[in-house]
Novice: 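Questions regarding the structure given below will be posed in turn.
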Number of protein chains: 2
Amino acid sequence: MKRLKLNTQRIRSCLKESHLRSTRKRECILEALLTFDRPVSAEELRDRADLPKSDLVTVYRTIEAFLGIGIVQGIPLEDGKTIYELTDPGDHHHHFVCRKCHKTERLDLCLAGELEKKARKLGFSDISHVMEVYGSCEDCN
Amino acid sequence: MKRLKLNTQRIRSCLKESHLRSTRKRECILEALLTFDRPVSAEELRDRADLPKSDLVTVYRTIEAFLGIGIVQGIPLEDGKTIYELTDPGDHHHHFVCRKCHKTERLDLCLAGELEKKARKLGFSDISHVMEVYGSCEDCN
DNA sequence: TTGTTATTGCAAGTTAATTGCATTAATGGG
DNA sequence: CCCATTAATGCAATTAACTTGCAATAACAA
């Protein structure tokens, strides 16, 4: 599959294709996302985007929109919280995540195919899955 | 590895080994756990154990204790909530979980070994992982 | 430019889960 | 069996990550 590197330009067209409006706040949040090399929480995102406290709700709604069109991926943490990262649409992968600093390493290892097959056999449909690996990274040790 | 089927007796000795006291409430919650054939939320557990509303906190603390000695396993849901099931200590496995009714099927497919190896290579230590598969079960379709 | 419709801002609500602290109960030693 | 120690419980309050409702605003297409 052809992977298109994400950038502001490309994301704008993603939004357009999905009939989502390209607004000032969204651009702002997007720019913030681009400055991170690791997944982040909604709050971190708001702060990096230099938005007022009350705009957390906009961040959540923006994330929701971005998740919807597949340019953002949510990563569930052990404690039930979620962090988010930009991702190329269709680029499915998992992560090693540091429990402490949330540094991540990409993990290109996935059982999707087998899961799908087994699920079908069991009568499950509309399958999705999570797989995340948590640990302490070198720096945090 | 030898697997000992869980029952009240065995769990009592697990508690003892771990210097946890065997109390009325814990027995009660344990009995409730034994009546389910699927993972359940803390609230369901409280209700099945016929405990008053306010005892939810005891349920959480009991679950915490049981998690600690490895006789209960938590299963993270897509929405950030967690459900719990009894499990034989050391019996590591994952699940297919129905999004709607929380029926689960055991999934004996795991990348633990490879994850461990890759993690070490990346400098991550103290590794744990989640892998859960969500879908709609036959009955809920 | 204008009308339509999505987005936002603000405030309030939801809810799973946690915490502090005083009271009670389980356990082990004598 | 009793008592001292220490863990567990009960209650009330709190946390924190989201979510929702609704009125005001801004984007977009015609």
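Chain letters run A, B, ... following the sequence lines, proteins first, then strands; residues in each count from 1. Computed from a predicted structure; not experimentally measured. Only this structure's heavy atoms are used, side chains among them; waters, hydrogens and symmetry mates stay out.
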Novice: Please state how far atom CD1 in Ile29(A) lies from atom P in dT7(C), giving the value in whole angstrom units.
Specialist: 12 Å

Novice: Measure the distance from NZ on Lys25(B) to P on dA7(D) and round it to the nearest whole Å.
Specialist: 19 Å

Novice: How do Pro52(A) and Arg26(A) order along DNA chain C: which one's closest nucleotide is nearer the 5' end?
Specialist: Arg26(A)

Novice: Tell me which residues in residues 35-46 of chain B put a heavy atom below 4.0 Å from DNA chain C, sorted by number, or none.
Specialist: Glu43(B)

Novice: Please write out each protein N/O paired with an N/O of nucleotides 19-25 of chain D under 3.5 Å, distance rounded to 0.1 Å.
Specialist:
| residue | atom | partner | partner atom | Å |
| --- | --- | --- | --- | --- |
| dG21(D) | O6 | Arg61(A) | NH1 | 3.4 |

Novice: Whole Å only: how far is the CD1 atom of Ile69(A) from the P atom of dA6(C)?
Specialist: 16 Å

Novice: Sequence neighbours excluded, which residues qualify as ring-ring contact (aromatic ring centres under 6.0 Å, His included) partners of His102(B)?
Specialist: none

Novice: What is the separation between atom NE2 on His19(B) and atom P on dT6(D), rounded to the nearest whole Å?
Specialist: 14 Å

Novice: OP1, OP2 of dT9(D) versus side-chain N and O of Thr58(B): anything below 4.0 Å?
Specialist: no

Novice: Can you name the side-chain contact (heavy atoms from CB on, under 4.5 Å) partners of Ser54(B), sequence neighbours left out?
Specialist: Pro52(B)

Novice: Go through the structure and list residues passing ring-ring contact (aromatic ring centres under 6.0 Å, His included) with Phe66(B), not counting sequence neighbours.
Specialist: none

Novice: Distance check needed: dA11(C) P versus Lys53(A) NZ, whole Å only.
Specialist: 15 Å

Novice: Who passes side-chain hydrogen bond (donor to acceptor under 3.5 Å, both in side chains) against Ser18(B), sequence neighbours left out?
Specialist: none

Novice: Under the salt bridge (charged side-chain N to carboxylate O under 4.0 Å, His left out) rule, collect the residues that match up with Lys81(A), sequence neighbours excluded.
Specialist: Asp79(A)

Novice: Enumerate the residue pairs fulfilling ring pair (Phe, Tyr, Trp, His ring centres under 6.0 Å) with a member in residues 113-132 of chain B, sequence neighbours excluded, ordered by first and then second residue.
Specialist: Phe96(A)-Phe124(B), His92(B)-His129(B), His94(B)-His129(B)

Novice: Rounded to the nearest angstrom, tell me the gap between atom CG in Leu51(B) and atom P in dA8(D).
Specialist: 17 Å

Novice: Write down the distance between NZ (Lys81(B)) and P (dT18(C)), rounded to a whole number of angstrom.
Specialist: 15 Å

Novice: State whether the side chain of Arg26(B) and the backbone N or O of Leu20(B) hold a donor-acceptor pair below 3.5 Å, judged by distance alone.
Specialist: no

Novice: Glu44(B): which residues meet the side-chain hydrogen bond (donor to acceptor under 3.5 Å, both in side chains) condition with it, sequence neighbours left out?
Specialist: Arg38(B), Ser41(B)

Novice: Between atom CD in Glu78(B) and atom C1' in dC18(D), what is the gap in whole Å?
Specialist: 16 Å

Novice: What side-chain donor-acceptor pairs closer than 3.5 Å can you find for residues 130-141 of chain A, not counting sequence neighbours?
Specialist:
| residue | atom | partner | partner atom | Å |
| --- | --- | --- | --- | --- |
| Glu132(A) | OE1 | His95(A) | N | 3.1 |
| Glu132(A) | OE1 | His95(A) | ND1 | 3.2 |
| Tyr134(A) | OH | Pro76(A) | O | 2.3 |
| Asn141(A) | ND2 | Ser125(B) | OG | 2.8 |

Novice: What residues, two or more places apart in sequence or in another chain, satisfy ring-ring contact (aromatic ring centres under 6.0 Å, His included) together with Tyr84(A)?
Specialist: none

Novice: Do Glu85(B) and Thr104(B) pass the side chain to side chain donor-acceptor pair (under 3.5 Å) test, and can you show the C-alpha distance, the side-chain angles, and the key distance before you say yes or no?
Specialist: CA-CA 10 Å; Glu85(B) 69 171 359; Thr104(B) 61; 4.6 Å; no

Novice: Could you pull out the protein-nucleic contacts involving nucleotides 26-30 of chain D (nitrogen or oxygen on both sides, under 3.5 Å)?
Specialist:
| residue | atom | partner | partner atom | Å |
| --- | --- | --- | --- | --- |
| dA27(D) | N3 | Arg21(A) | NH1 | 3.1 |
| dC28(D) | OP1 | Ser22(A) | N | 3.0 |

